[in-house]
Number of protein chains: 2
Amino acid sequence: MARAATTSDAFNAVAEPRRRQILLYLAHDERQVGEIVTAIGLDQPSVSKHLGVLRSVNLVRVRRNGRHRLYRTNAAAIRPLHEWTETFEQYWRHQLNRVKERAEAQANPKPLAK
Amino acid sequence: MARAATTSDAFNAVAEPRRRQILLYLAHDERQVGEIVTAIGLDQPSVSKHLGVLRSVNLVRVRRNGRHRLYRTNAAAIRPLHEWTETFEQYWRHQLNRVKERAEAQANPKPLAK
DNA sequence: TTGACATATTCCCATATGAGAATGTATTGT
DNA sequence: ACAATACATTCTCATATGGGAATATGTCAA
């Protein structure tokens with residue numbers, strides 16, 4: 001089997017840096033494709049293709065307005081990623097505590113028991 | 001340009017479901033490769049290759065013990081992903097509030113001003 | 001030393017990628 | 001109807017993928 005399609009889920013879609021950039025750009029309010037093109041600095045077909053990927057996993061919503069298409073990030077679709085990473089939070093906290101404790105022990109050594 | 005390498009950053013490494021599975025499995029404590037193989041249900045070379053990818057982006061740490069290698073998730077490396085997703089939290093909250101408000105308005109309509 | 005065991009690496013292959021270039025498709029104004 | 005505008009789609013290509021199979025590397029035990 002080859003690598004999973006970028007369109008297979010949000011994890012794969014978001015692996016591409018330009019798509020993350022686009023999602024940030026479209027998070028606050030909707031923009032038409034031309035605006036994205038100038039903001040991101042890619043050519044129009046590339047942007048359209050990235051938008052296609054994002055659409056296919058519901059990371060963006062589109063609305064037509066005359067000859068424009070207004071895109072906007074669908075933040076809810078990012079939630080599963082947030083939740084997955086969150087399951088590791090307790091572990092990195094743990095790691096940080098251990099580092100901190102070692103630093104404190106170094107600075108202020110506990111006397112050995114007699 | 002082709003798709004970015006899976007080894008290029010945590011986002012790409014984590015796009016693969018089996019690697020996410022491995023990271024969860026190794027989050028709590030260290031395990032040798034053989035254990036991962038039986039736990040995940042992939043053959044050994046595949047697991048080793050996934051571990052290689054995870055190693056290359058520092059998502060796991062290895063320790064040698066005799067002829068075993070003990071792997072463990074390096075949770076700190078997941079933090080950037082968590083933080084990226086977190087920037088969208090305010091937006092999905094917003095969306096959810098709007099949905100809730102509409103539902104309440106529907107159930108309990110506000111009387112029109114006279 | 002010789003196996004046996006644990007893991008890593010290499011080779012093969014079907015498949016998907018992202019960018020660029022070119023072209024297709026709606027929609028609007030005149 | 002026509003040209004212009006705004007996007008989307010198609011094509012080509014170099015490149016990387018993940019799994020399977022086979023093989024290499026390293027470490028221990030006898």
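Owing to the predicted nature of the structure, the values given are computational and were not obtained by experimental measurement. Every chain is numbered from 1, with letters handed out A, B, ... down the list of sequences.
- Phosphate contact (OP1/OP2 of D:dC7, side-chain N/O of A:Ser48, threshold under 4.0 Å): absent.
- Map B:Val62 and A:Thr7 each onto its nearest nucleotide of DNA chain C; the residue landing nearer the 5' end is B:Val62.
- Counting only heavy atoms from C-beta outward, the side chains of A:Thr7 and A:Asn12 never approach each other to under 4.5 Å.
- With rounding to whole Å, A:Leu51 atom CG is found 6 Å from D:dA8 atom P.
- Across the protein-nucleic acid pair, B:Leu54 atom CG and C:dA8 atom P stand 12 Å apart, rounded to whole Å.
- Atom CZ of A:Arg3 and atom C1' of C:dG18 are 11 Å apart (whole Å).
- Summarising the geometry, the separation between CG on B:Asn65 and P on D:dC28 is reported as 9 Å, rounded to the nearest angstrom.
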- Query: Would A:Thr85 and B:Glu86 satisfy side-chain contact (heavy atoms from CB on, under 4.5 Å), going step by step from the backbone distance to the final call?
  - Reply: CA-CA 10 Å; A:Thr85 60; B:Glu86 202 152 48; over 6 Å; no

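- Between A:Val33 and A:Ala2, it is A:Val33 whose nearest contact on DNA chain D lies nearer the 5' terminus.
- Side-chain atoms of A:Lys49 and base atoms of C:dA19 include a donor and an acceptor less than 3.5 Å apart.
- You'll find that the side chain of A:His68 is closest to D:dC7, out of C:dG18, D:dG18, D:dC7.
- Taking only side-chain nitrogens and oxygens, B:Arg67 never comes nearer than 4.0 Å to OP1 or OP2 of D:dT25.
- No more than 12 heavy atoms of other residues, nucleotides or ligands shown are found within 6.0 angstrom of CZ on B:Arg93.
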Test B:Tyr91 against A:Thr73 for side-chain contact (heavy atoms from CB on, under 4.5 Å), laying out the working first.
CA-CA 9 Å; B:Tyr91 298 108; A:Thr73 298; over 6 Å; no

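- Closest to the side chain of B:His50, from the set D:dA8, D:dG18, C:dT7, is D:dG18.
- For the OP1/OP2 pair of C:dA6 and a distance below 4.0 Å, the side-chain nitrogens and oxygens of B:Arg64 include no atom meeting the criterion.
- The aromatic rings of A:Phe11 and A:Trp84 sit perpendicular to each other, their planes meeting at more than 60°, with 30° as the lower class boundary.
- Nearest to the side chain of B:Arg55, among C:dT9, D:dT10, D:dT27, sits C:dT9.
- Rounded to an integer number of Å, the gap from CG of A:Asp43 to C1' of C:dA21 is 9 Å.
- For B:Pro45, the side-chain atoms get nearest to C:dT9 when compared with the rest of D:dT9, C:dT27, C:dT9.
- For the pair A:Arg19 CZ and C:dA16 P, the interatomic distance rounds to 15 Å; values are reported in whole Å.
- We find that CD1 of B:Ile22 is positioned 11 Å from P of D:dG18, with the value rounded to whole Å.
- Atom-to-atom, CD of A:Gln44 to C1' of D:dC7 comes out at 5 Å; the value is rounded to the nearest Å.
- Closest contact between the side chain of A:Ser46 and the listed nucleotides C:dA8, D:dG19, C:dG20 involves C:dG20.
- Between A:Tyr71 and A:Ala4, the residue whose closest nucleotide on DNA chain D is further toward the 5' end is A:Tyr71.
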